[in-house]
Amino acid sequence: MIDVSTYPVQTVAQSRIAECDFNNLQFGKTFADHMFVVDYKDGGWQQPRVVPYGNLSLSPALSSLHYGQALFEGLKATKNEAGDILVFRPEANARRLNASAVRLCMPELPEEIFMNGLAQLLTVDRNWIPTQPGCSLYIRPVMFATDDYIGVKPSDTYSFIIFTSPVGAYYNKPVRVKVETHYTRAAPGGMGFAKAAGNYAAAMYPSQLAHQQGYDQLLWTDGREHKYFEESGTMNVIFVVNGKVLTPPTTDSILKGVTRDSVLQLARDWGYTVEERPVSVEEIIAAAKNGTLEEAFGAGTAATIAHIALIHHEGTDYTLPPVEARKLSNRLYQGMDDIKTGRAADPHSWVFKV
Ligand SMILES: *Cc1c(COP(=O)(O)O)cnc(C)c1O
């Protein structure tokens with residue numbers, strides 16, 4: 001338990017919660033009443049505060065709009081049966097936020113400001129945390145440069161904001177993915193490991209081409225040779241071949257997913273052999289051909305597990321076994337949900353109770 005009475009809170013005069021249809025939530029379109037804000041100037045973070053969620057007034061010269069000093073995070077809160085607010089591994093997000101900040105020449109945010117602000121915001125907006133099965137409150141921290149200056153240099157001022165959005169049960173429709181062998185999401189020495197806004201911009205055009213060709217997402221390969229898998233869309237990628245769990249190691253071009261880390265740990269707990277090592281396209285296509293590719297999925301906060309139904313590579317579609325037959329990924333999905341909602345034991349102390 002932490003003291004959440006630290007920061008000033010300006011509450012809304014009238015909550016918008018009555019307008020929110022919790023049985024029909026669309027991802028990322030409805031926002032809770034409040035947001036947590038802290039600004040950086042004069043070489044330090046200023047007074048953190050909780051204020052009504054609302055628009056910002058920004059200069060057209062805002063440096064983050066021009067040069068992309070902008071990063072974000074994503075995590076989720078739920079409630080257990082007793083009504084306690086539970087957040088899944090928020091300290092991991094606070095640490096990753098700072099790893100991203102260092103790469104983008106932005107100031108690190110003390111972990112206690114992140115944690116206190118988050119706890120306080122969730123307490124104020126606790127009624128916005130859905131209790132329907134599979135639903136949760138998606139939490140979006142974002143940090144961006146705020147200098148009104150179009151010279152190319154790191155900004156002297158920044159804003160850090162946390163706002164939240166109630167989200168429904170994510171329908172895990174198995175995805176058709178295409179192995180990308182021309183475009184790259186991230187290169188060695190680049191910022192692929194950072195949750196930087198610009199990484200998403202770089203991925204949109206190749207993803208759109210894949211959509212036009214009838215695929216839901218791309219399987220990104222390494223920027224040097226396009227021989228090794230990196231990520232699946234905006235999620236980490238995990239394969240099961242012959243009962244073994246294979247996933248690329250988190251290099252500087254791969255984002256260190258909290259879901260990835262958690263599901264690999266659960267798989268190890270359950271006695272699976274987990275290999276974090278370069279996984280080549282050749283190896284996976286060979287396994288798909290000889291029937292040893294049992295499962296493939298993306299791992300990330302939004303969906304937890306996104307089953308891969310089909311992999312397209314150089315003109316051929318390789319269909320994977322039906323989702324019902326996938327022992328590990330189905331068990332992981334359920335196991336993660338049970339831990340996140342407090343229904344199962346939490347042996348790794350992942351759940352933070354506000
Ligand atoms: C956020 C993200 C992930 C998944 O990270 P989680 O912490 O599991 O949500 C994976 N890849 C990319 C590129 C991401 O931005």
Side-chain angles (χ1 to χ4, degrees), residues 27-28 68 70-78 87-101 103-104 114 118 136-143 162 164-165 167 170 172 175 177 180 183-188 190-207 210 216-223 228-239 247-267 276 279 296-306 308 329 332-333 335-337 339-340 348 350-352:
F27 183 87
L71 58 83
F72 69 98
E73 272 300 329
L75 61 163
K76 280 178 173 176
T78 53
V87 193
F88 191 71
R89 304 187 72 180
E91 297 96 339
N93 296 90
R95 283 195 296 272
R96 187 171 67 194
L97 175 92
N98 285 336
S100 301
R103 182 63 180 81
L104 294 181
F114 183 99
L118 178 62
S136 56
L137 188 71
Y138 183 79
I139 302 163
R140 173 52 65 92
V142 59
M143 195 199 289
I162 305 177
T164 66
S165 173
V167 294
Y170 198 99
N172 279 2
V175 289
V177 297
E180 179 60 70
Y183 295 101
T184 46
R185 188 193 81 90
M191 59 175 190
F193 70 90
K195 226 168 167 66
N199 288 337
Y200 282 74
M204 283 181 188
Y205 179 69
S207 304
D216 301 305
Q217 266 172 35
L218 290 174
L219 266 181
W220 295 104
T221 53
D222 73 285
Y228 297 94
F229 286 115
E230 297 225 311
E231 301 209 42
S232 178
T234 58
M235 303 173 92
N236 293 113
V237 66
I238 299 177
F239 302 94
T247 194
T250 49
T251 57
D252 61 358
S253 54
I254 296 181
L255 193 116
K256 250 185 155 82
V258 178
T259 313
R260 172 191 181 279
D261 183 75
S262 309
V263 301
L264 294 181
Q265 182 62 55
L266 288 182
E276 294 182 62
V279 180
F297 55 95
T301 294
T304 307
I305 300 289
I308 294 174
S329 41
L332 285 172
Y333 181 78
M336 288 284 284
D337 199 55
I339 294 175
K340 286 182 182 187
H348 301 286
W350 285 336
V351 176
F352 170 79

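Sequence positions, counted from 1, serve as the residue numbers for this chain. Ligands are counted one by one from 1 in listed order, and the atoms in each one are counted from 1 as well.
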Quick check: does [X] get an N/O under 3.5 Å from an N/O on ligand 1?
| X | value |
| --- | --- |
| G257 | no |
| T259 | yes |
| K195 | yes |
| K256 | no |

Could you tell me, atom by atom, which parts of ligand 1 come under 4.0 Å of a heavy atom of [X]?
| X | result |
| --- | --- |
| R185 | 13 (C) |
| T234 | 2 (C), 3 (C), 10 (C), 11 (N), 12 (C), 14 (C) |
| R96 | 5 (O), 6 (P), 7 (O) |
| E231 | 10 (C), 11 (N), 12 (C), 13 (C) |
| T301 | 6 (P), 7 (O), 8 (O), 9 (O) |

*Among protein heavy atoms, which lies nearest atom 15 (O) of ligand 1, and at what distance?*
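Ranked first by proximity to atom 15 (O) of ligand 1 is Y200 OH, 2.2 Å.
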
*asked:* So for E73, does at least one of its heavy atoms come nearer than 4.0 angstrom to any atom of ligand 1?
replied: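 Checking ligand 1 against E73, which is what was asked, there is no heavy-atom contact under 4.0 Å.
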
With heavy-atom distances below 4.5 Å as the criterion, would you say the side chains of [X] and [Y] are in contact?
| X | Y | value |
| --- | --- | --- |
| R140 | S165 | no |
| P141 | N93 | no |
| E231 | V237 | no |
| L255 | R96 | yes |

*With sequence neighbours excluded, give me every salt bridge (Lys or Arg N to Asp or Glu O under 4.0 Å) pair touching residues 250-264.*
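Pairs touching residues 250-264 that pass the test: R89-D261, R260-E276.
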
_Between the side chains of R185 and E230, is the shortest nitrogen-to-carboxylate-oxygen separation below 4.0 Å, so that they form an ion pair?_
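The answer is no: the pair does not qualify as a salt bridge.
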
*asked:* Parallel, tilted or perpendicular: which one describes the rings of F239 and F229, with boundaries at 30° and 60°?
replied: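 Rings of F239 and F229: tilted, as their planes differ by 30° to 60°.
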
*Decide ring pair (Phe, Tyr, Trp, His ring centres under 6.0 Å) for F72 and Y200; before the verdict, give the C-alpha distance in whole Å, the side-chain angles of both, and the deciding distance to 0.1 Å.*
CA-CA 11 Å; F72 69 98; Y200 282 74; 5.2 Å; yes

